[in-house]
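Here's the structure, in structure tokens; my notes come after.
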Amino acid sequence: MAFQFEILKKDLFSKARLGRIETEHGSFSTPAFLPVGTQGTVKSLTPEELVEVGVEAILGNAYHLYLRPGHGTIERLGGLHTFIHWDRPILTDSGGYQIFSLAKLRKISEDGVTFQSHIDGSLHFLTPEKVVEIQRTLGSDIAMVLDECIPYPSPYEYTKASTSLTTRWAKKSLEQKQETDPALFAIVQGGMYQDLREQSAQALVKMDFQGYAIGGVSVGEPKSLMRSVLEWTTPFLPENVPRYLMGVGTPEDILDAVMFGIDLFDCVLPTRNARNGMLFTSIGKMSIKQAQYAEDERPIDETCACYTCRHYSRAYLRHLYLANEILSPRLNTIHNLYYYMNFIKITQEAIREGRLLDFYKSRGLYFNGRPPLSPSPSRGEGEGGGDKAISCAIRL
Ligand SMILES: [Zn+2]
């Protein structure tokens, strides 16, 4: 079935909506959280394990797969779904962000961007048209246009020129799109400037894409600014297509954005934190390496029904982490992704049953009123810390 988006229920007290996205590889409910499978794998888990924790769609990255193993190789091996043994929907990020954060010797021109591979230093030139072609070759279900990810902070004039270039690239991307291609989403930029966000959204909406993403957030800006970007941008986005907030975020960020009418999210937070021994629980975050868990027989979260919590103690998980065992990131990732998917499921149910506001208030009370189980991790561990939005680097 070709790409379709249907709104099943709208919340009365916010802009939140419950929806369903149909693709050729099946459908999934929104709001949705897509775990990050940059290299064609959600790190450490098999597709069967992803399904078991409730994952319905994943994110891949065109930049990484283009560089290695190469989109041509993947096409010859049957396309991305076959290659990675995942028969459900895949959204591919264009690589715009990665080019601007990972690649060396970047040079932007009207036609595209020249850069050096972060893997072997080889020189590449990617155009908006080529990026559409790469995602077609991969066989994604949802493709993203090439954009320039604007760093934070950036001066007004630079942001204005960059946003305008992203808009011209979006037009070229759309012109390149063929009937049987993946659904193509545009990316609203505009930095942290209200007028530029509005202009970006308005110009892109005129082009009639199949979905709209908000990019250029989670780049180290204060959380209040991320919320402002949502306030400035979402009123200009059409109701009847999906809206995607790229690279976000914590469960509370996601819930906030759902209230603004955002449907799709992706973030490496649950998977990367898992590998760092940082676990999400119903009463706060837990650092499994702490000595207090050395002989703790309880599961990570006594209210959690995931495979890890059904079978393993905090003491064992701490031991695996400290011994640097391969099973440690696997069991931790199973738990953290289950936590995220369950959080999304509860959010969907709250919208369906008309009690999202109560759920939001209860979460807000909890987030603001109770200390986490353990101190927040340092910024180096990818949490962004305090009042800062999570660094965009976690999208890698
Ligand atoms: Zn669990």
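Remember, it's 1-based here, ligands and their atoms both numbered in the order they're listed. Count residues from 1 along the sequence.
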Would Lys172 and Asp111 satisfy salt bridge (charged side-chain N to carboxylate O under 4.0 Å, His left out), going step by step from the backbone distance to the final call?
-> CA-CA 9 Å; Lys172 290 179 177 178; Asp111 292 337; 3.7 Å; yes

Hydrophobic cluster membership, Ile254 vs Val217, 4.5 Å side-chain cutoff = yes

Enclosure of Ile326 CD1 (heavy-atom neighbours >12, cutoff 6.0 Å) = no

More than 12 heavy atoms of other groups within 6.0 Å of Glu295 CD |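 Not buried by this count: 12 neighbours or fewer within 6.0 Å.
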
Flag the pair Lys345 and Glu349 as a salt bridge only when some basic side-chain nitrogen lies within less than 4.0 angstrom of an acidic carboxylate oxygen.
-> no

Nearby protein N/O/S atoms (those under 2.8 Å) for the Zn ion (ligand 1), with water ignored | Cys304 SG, Cys306 SG, Cys309 SG, His335 ND1

His335 side chain to Asp301 side chain, donor-acceptor N/O pair below 3.5 angstrom =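 Result is no, nothing qualifies.
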
